[in-house]
Amino acid sequence: MENLRTVRGVHDLLPDELYKHQIVIKSGLEISNKYNYSQIEIPIFEFSEVFTKPLGNSSDIVTKENYVFRDRSEDELMLRPEGTSGVVRAFLNAGLVQDVPQRFSYYGPMFRYERPQKGRLRQFKQLGIECLGLSSAMADIEVISLGQEFLDQLNILDKINLKINTLGDFDSRKIYRDALISYFSDYKSKLSEDSIKRLSINPLRILDSKSDEDLKIVENAPSILEFLNFDSKTRFENICKGLDHLNIKYTIDKNLVRGLDYYCHTAFEFTTNELGSQGTVLAGGRYDGLSKMLGGPDVPGVGWAAGVERLALMIESKFINKIEVVLMGQSESFNYLLLPILKKLTQNGIKSEIIYTGNMSKKFKRANKLKASYAIILGEEEVGKKVLKFKDLTSGKEELLKLSEVLLKVTND
RNA sequence: GCGGGUGUAGCUCAGUUGGUUAGAGCGCGGGUUUGUGGUACCUGAGGUCGCCGGUUCGAAGCCGGUCACUCGCCCCA
């Protein structure tokens, strides 16, 4: 048994659980489609640079959490740890820069070598949308609104909070970053071990530290909002105004930051406290720098990704595999006669199954377990009269019918 | 990668201070029913007690290691 298990953090999806995933994915794609975001599919692995260039070496995603390998032609490839880079790469590749805006949706597996927890796996699914080619704040609002409606459709909005912040444009952020470094440097001896490292690698990360020692220092740290230049400031105000206009509730969290280098301006997270420390259920922001980092022209973009497993953990839904008709023969030799009947039923869209083995009693027990509505029984008597015995398994009523009559009864039901 | 918890039948879990053949409920198989289910009753199968090693006359229970899950950190959807 030992070597039959799945790899750590990689799980099988049995019908019950898969069903929930499908509900999440289906409603995500549906609502996106209504907003004219067209679904695309991109490879699950790319040349490593597609991820290493834009994600930056300050991000754990590409430094310690990646699945990198060489194929037979010695190319260095990476299983995708996120979707956005690949989508933008595909967009550039297809020459769609000439035809903006472009709105895309996608879903599929992502891979990160992390310590698994509930709602955090090494192979997990994300569903995301990207709006490319619009620098207007309107696009940010649209994208957030779409995300909110998605969660609403899943009926979990009452368990969700929306937090937003701005990282400013690259100029504002650079000045802010310097201000943070100088502020935190004064407290260097009191910072947590992790945050001392962050100070040189990614000082913004100190802001969302959870350690008690850091929290006190962070409390009085300079806020990004004070360092925004005019454009960045009005853009953020416009976004808040837009959300108000849509009656979308949010809180401004000045400590909300992003791990990935390509983000700028808007950052947002839909979170829940139902999933322990994996509370972020849908998150995204603006990434105007990404296209250029990939070697393309300047193309603004904004989007989000949602964790399918995390959302699936939150929705109430049970997979009930109900079957309409079961077919059973008096003995094995009648199974041959049942095959064409099964074919006819399925051709008429009726979900059916032949119960091949066991005596009649066994077959009926099996029919109950399958939650079948009707049974078709075929034996000597029926063959002689050229009819089928049709039994309503709820009422227990039986009658002798022709196949055409059975089809009518079941399809009209 | 770091720290805590857990691991006994297909599932949910009992198992006393270490003591002979390791239990229950549900589920599964067979029967009461040779062409009829859901209920009921009878009955049976199924466990290397996660894995490896150690302590002991003796380990499911103690110790060490390891693997998996889980909670927190890091990070993130």
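Residue numbering restarts at 1 for every chain, and letters A, B, ... go by the order of the sequence lines.
For G72(B), the OP1/OP2 oxygens have a side-chain nitrogen or oxygen of Ser277(A) closer than 4.0 Å. The side chain of Arg120(A) places no N or O atom within less than 4.0 Å of a non-bridging phosphate oxygen (OP1 or OP2) of U70(B). Residue His11(A) places at least one side-chain N or O under 4.0 Å from the OP1 or OP2 atom of C69(B). The side chain of Arg115(A) places no N or O atom within less than 4.0 Å of a non-bridging phosphate oxygen (OP1 or OP2) of C71(B). Applying the 4.0 Å criterion to OP1 and OP2 of C74(B), one finds that Lys210(A) has a side-chain N or O inside that range.
If you check every strand for non-hydrogen atoms under 4.0 Å, Glu193(A) touches nothing. Residue Lys389(A) is classed as a base contact, given a heavy-atom separation below 4.0 Å to a base. Here Gly9(A) lies in heavy-atom contact (under 4.0 Å) with sugar-phosphate atoms only. Note on Ala305(A): only backbone sugar-phosphate atoms sit closer than 4.0 angstrom, heavy atoms only; bases stay farther off. Looking at heavy-atom distances under 4.0 Å, Glu380(A) makes contact with a base. Nucleic acid contact class of Arg366(A) (heavy atoms, under 4.0 Å, all strands): none. Across all strands shown, Gln117(A) has heavy atoms under 4.0 Å from base atoms, whether or not it also approaches the sugar-phosphate. Leu370(A) comes within contact range of no nucleotide atom at all, as no heavy-atom separation falls under 4.0 Å. Gly284(A) comes within 4.0 angstrom of nothing in the nucleic acid, heavy atoms only. Within the 4.0 angstrom heavy-atom criterion, no nucleotide atom of any strand lies near Leu311(A). If you check every strand for non-hydrogen atoms under 4.0 Å, Thr394(A) touches a base. Within 4.0 Å (heavy atoms only), Gly119(A) reaches at least one base atom of the nucleic acid. Across all strands shown, Leu127(A) has no heavy atoms under 4.0 Å from either base or sugar-phosphate atoms. Among the heavy atoms of the strands lying under 4.0 Å from Lys369(A) are primed sugar atoms or P, OP1, OP2 only; no base atom is included.
Using the Watson-Crick or G-U wobble rule with both distances under 3.5 Å, G38(B) pairs with nothing in any strand shown. Applying the Watson-Crick and G-U wobble criteria (two distances, each under 3.5 Å), G64(B) pairs with C52(B). The partner of G58(B), taking Watson-Crick or G-U wobble pairs whose two distances both stay under 3.5 Å, does not exist in any strand shown. With a cut-off of 3.5 Å on both pairing distances, the Watson-Crick or G-U wobble partner of C13(B) is G23(B). In this entry G46(B) has no Watson-Crick or G-U wobble partner, no candidate having both defining distances under 3.5 Å. With a cut-off of 3.5 Å on both pairing distances, the Watson-Crick or G-U wobble partner of C2(B) is G72(B).
In this entry the distance linking CD of Gln126(A) with C1' of A77(B) reads 5 Å, nearest Å. The distance between atom CD1 of Ile206(A) and atom P of C73(B), rounded to the nearest whole Å, is 18 Å. Taking atom OH of Tyr113(A) as the reference point, atom P of A77(B) lies 20 Å away to the nearest angstrom. Separating the CZ atom of Arg8(A) from the P atom of A68(B) is a distance of 5 Å, rounded to the nearest angstrom. Distance, Lys197(A) NZ to C74(B) P: 12 Å, rounded to whole Å. Put simply, CZ on Arg122(A) is 8 Å from P on A68(B), counting in whole angstrom units.
Here the nucleotide nearest the side chain of Lys365(A), chosen from G72(B), G38(B), G35(B), is G38(B).
Counting only heavy atoms from C-beta outward, the side chains of Leu162(A) and Glu269(A) never approach each other to under 4.5 Å.
Comparing the same atom, P, in U33(B) and in G38(B) gives a spacing of 14 Å after rounding to whole Å. U17(B) sits 35 Å from C73(B) when the P atoms are compared, rounded to a whole Å. A distance of about 13 Å separates the P atoms of A22(B) and G46(B), rounded to the whole Å. The separation of G27(B) from A9(B), taken at their C1' atoms, amounts to 11 Å, rounded to a whole angstrom. Taking the C1' atoms as reference points, U12(B) lies 22 Å from U16(B), given to the whole Å. Going from the C1' atom of G61(B) to that of G18(B) covers 7 Å, rounded to whole Å. G25(B) and U8(B) have their C1' atoms separated by 15 Å, given to the nearest Å.
Ring geometry, Trp304(A) versus Phe150(A): the interplanar angle falls under 30°, so the pair is classed parallel (tilted spans 30 to 60°). Classification of the Phe227(A)-Tyr176(A) ring pair by plane angle, with boundaries at 30° and 60°, yields tilted. Ring planes of Phe270(A) and Phe268(A): perpendicular class, angle over 60° (limits at 30 and 60°).
Less than 6.0 angstrom separates the ring centroid of Tyr374(A) from the ring centroid of Phe390(A).
A cation-pi contact, defined as under 6.0 Å to the ring centre and within 45° of the axis, links Arg122(A) to Tyr113(A).
Stacking between Phe124(A) and A77(B) is present: the aromatic ring centre lies within less than 5.5 angstrom of the base six-membered ring centre, and the two planes differ by under 30 degrees.
Interatomic distance, Asp16(A) CG to His21(A) NE2, rounded to the nearest 0.5 Å: 11.0 Å.
Ranked by how close their nearest RNA chain B nucleotide is to the 5' end, Arg112(A) and Leu275(A) are led by Leu275(A). For the pair Ser209(A) and Lys118(A), nearest-nucleotide mapping onto RNA chain B gives the more 5' position to Lys118(A).
Note on Lys216(A) versus Asp212(A): no salt bridge recorded, every NZ/NE/NH1/NH2 to OD/OE distance being 4.0 Å or above. Salt-bridge check for Lys385(A) with Glu381(A): passed, with a basic side-chain N closer than 4.0 Å to an acidic carboxylate O.
Taking syn as a glycosidic angle within 90° of 0, G29(B) does not qualify and is anti.
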